[in-house]
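First listed ligand is number 1; within each ligand, the first listed atom is number 1.
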Amino acid sequence: MIINKLKLTNYRNYDNLDINLNEKLNIIIGKNAQGKTNILESIYVLALTKSYMSVNDKNLVKFGCNYSIIEGEVKYHDYLKKFKIKISDTGKHVLINDKDIKKMSDYISNLKVIIFSSENIHMLKEGPGVRRKFLNMEISQLSLKYVKILMDYNNIIKQKNEYLKLNNINMDYLSILNNKIAQLSVEIFLFRKDFIESINKILSDIFFEIMGIDGLKIKYISNIDFYDNKEIMIDKCIEKLNRYNEKESLYKISLIGPHRDDFIFVLNDKNVSLHCSQGQLRSIVLSLKLAEVQLFSNKTGESPILLLDDIFSELDSEKKNNLIRYIKDNVQTIITTTDINMIDEKLVKKASVFIINNGKIFPGK
Ligand code: ATP
Ligand code: MG
């Protein structure tokens, strides 16, 4: 898919931005703090209704304004769709082709984007919540069913946690909740397992091509036990949840389920976050994002939009050249940089170049 047009009103440091994008490569140049990342972030928000950064929606609205609008026109194989999202004090509204969409789950997964930014590197160093958010955001783009299951799951876990806070806890009632939780937990587990296995089929080759090191993998960590048979998995999960009833009543919080999941990257069976260099960590996350582009294209038949925030910094020239091979004509790509000299001349030649200066855009060539 291709985002042809992007329009921003009162978004971050933009009063108004109106930009026609190239269907292949776009390069956004600008000094620090001019609004390059903000443009990529806005496309991400247009797709997923929230930022990949840990920020409240109101941070997306320009200082001093009370609403913000992001609009985009997106071309699929043989049709166009217009997306619009309005963020204000009263909440968030999303529209497709000017029609209000009531349920976020009907909106998300229409527009697919993969973003790489230095924020993503935190994924390797921070707590598991960041990694779960990543899994949820990515799988949500691939499956509407996952969005719905996840919403149901979050609701029931919230309900259970509220119940666990009470003084007189009825174990039978907990078991009733556990039955439902087990079904949803197994569904979520299987989606995540499938996603990680599919990524693993591609990830190590990409990392090898960029860095020349073999053996990169993602290892999924869950307290749900895997069995080949789904019904058995659900039964085992119910048993486990019920075994934890007493402990959970004591701790007053639910301890078992995919809301406690995590994953790590391993390089030849060693956890990368404990021993890799900064450049390696960056390339690991970048390889993950490039693997996702292939996965999304294979699973949906449409290539996602690839947003690469400042990818060439911190990489030596050999790695840069290896990486350039992954910037493909059949994937619409938007790259930001502070220095056009960082980007290979051949790429610049075929790209649309834009200059950003203090929230204003100018043609770059
Ligand atoms: P760098 O090269 O350092 O990554 P950048 O061009 O990517 O810079 P952005 O992060 O896109 O810069 O934009 C940062 C600017 O946006 C900052 O000047 C910041 O103050 C401004 N900004 C962020 N949020 C808002 C907001 N809600 N209202 C107004 N300005 C904002
Ligand atoms: Mg930036």
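- Not a single protein heavy atom sits closer than 4.0 Å to atom 20 (O) of ligand 1.
- For the residue pair S273 / N271, a side-chain donor-acceptor distance below 3.5 Å is found, with atom types taken as modelled.
- Using a 4.0 Å heavy-atom cutoff, E41 is absent from the residues neighbouring ligand 1.
- Of the candidates G30, A33, C65, S313, it is A33 that places a heavy atom closest to atom 17 (C) of ligand 1.
- Here K81 does not pair with E73 in a salt bridge; the nearest charged N to carboxylate O distance is not below 4.0 Å.
- For atom 2 (O) of ligand 1, the nearest non-hydrogen atom of the protein is K36 NZ, 2.7 Å.
- Closest of all the heavy-atom pairs between N38 and Y11 is O-CE2, 3.4 Å.
- Set against the non-hydrogen atoms of T37, the atoms of ligand 1 under 4.0 Å away are 4 (O), 5 (P), 7 (O), 10 (O), 11 (O).
- Within the 6.0 Å centre-distance limit, the rings of Y107 and F83 are counted as a close aromatic pair.
- Applying the 4.0 Å criterion to heavy atoms of G35 picks out, from ligand 1, the atoms 5 (P), 6 (O), 9 (P), 11 (O), 12 (O), 13 (O).
- With hydrogens left out, the protein atom closest to atom 26 (C) of ligand 1 is F63 CE2, 3.4 Å, a heavy atom.
- For ligand 1, the atoms closer than 4.0 angstrom to any heavy atom of K31 are 6 (O).
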Stepwise side chain to side chain donor-acceptor pair (under 3.5 Å) check, S303 with N330: CA-CA 8 Å; S303 52; N330 59 359; 6.0 Å; no

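- E248 and S254 share no donor-acceptor pair across their side chains, judged by distance under 3.5 Å alone.
- Side chains of N136 and Y146: a donor on one and an acceptor on the other come within 3.5 Å.
- Of the heavy atoms in I356, none comes closer than 4.0 Å to ligand 1.
- Scanning the protein heavy atoms around atom 13 (O) of ligand 1, the nearest turns out to be N38 ND2, 3.1 Å.
- Protein heavy atoms are found less than 4.0 angstrom from atom 15 (C) of ligand 1.
- When heavy-atom distances to ligand 1 are checked against a 4.0 Å cut-off, T338 comes that close only through its side chain, counted from C-beta outward.
- A side-chain donor from one of N22 and S352 sits under 3.5 Å from a side-chain acceptor of the other.
- Using a 3.5 Å distance cut-off with no hydrogens or angles, the side chains of N178 and N242 do pair a donor with an acceptor.
- The aromatic ring centres of Y173 and Y163 sit less than 6.0 Å apart.
- Among protein heavy atoms, the minimum distance from atom 29 (C) of ligand 1 is reached at R12 O, 3.1 Å.
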Steps toward side chain to side chain donor-acceptor pair (under 3.5 Å) verdict (T336, D310): CA-CA 5 Å; T336 68; D310 209 6; 5.3 Å; no

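- Paired with D261 under the rule salt bridge (Lys or Arg N to Asp or Glu O under 4.0 Å), one option of R192, R132, K219, R131 passes, and it is R192.
- Atoms of ligand 1 lying under 4.0 Å from any heavy atom of Q34, numbered from 1 in the order shown and given with element: 5 (P), 6 (O), 12 (O).
- The closest protein non-hydrogen atom to atom 3 (O) of ligand 1 is N32 ND2, 3.2 Å.
- Distances from the Mg ion (ligand 2) under 2.8 Å pick out these protein N/O/S atoms: T37 OG1.
- Paired with Y220 under the rule ring pair (Phe, Tyr, Trp, His ring centres under 6.0 Å), one option of F226, F191, F189 passes, and it is F189.
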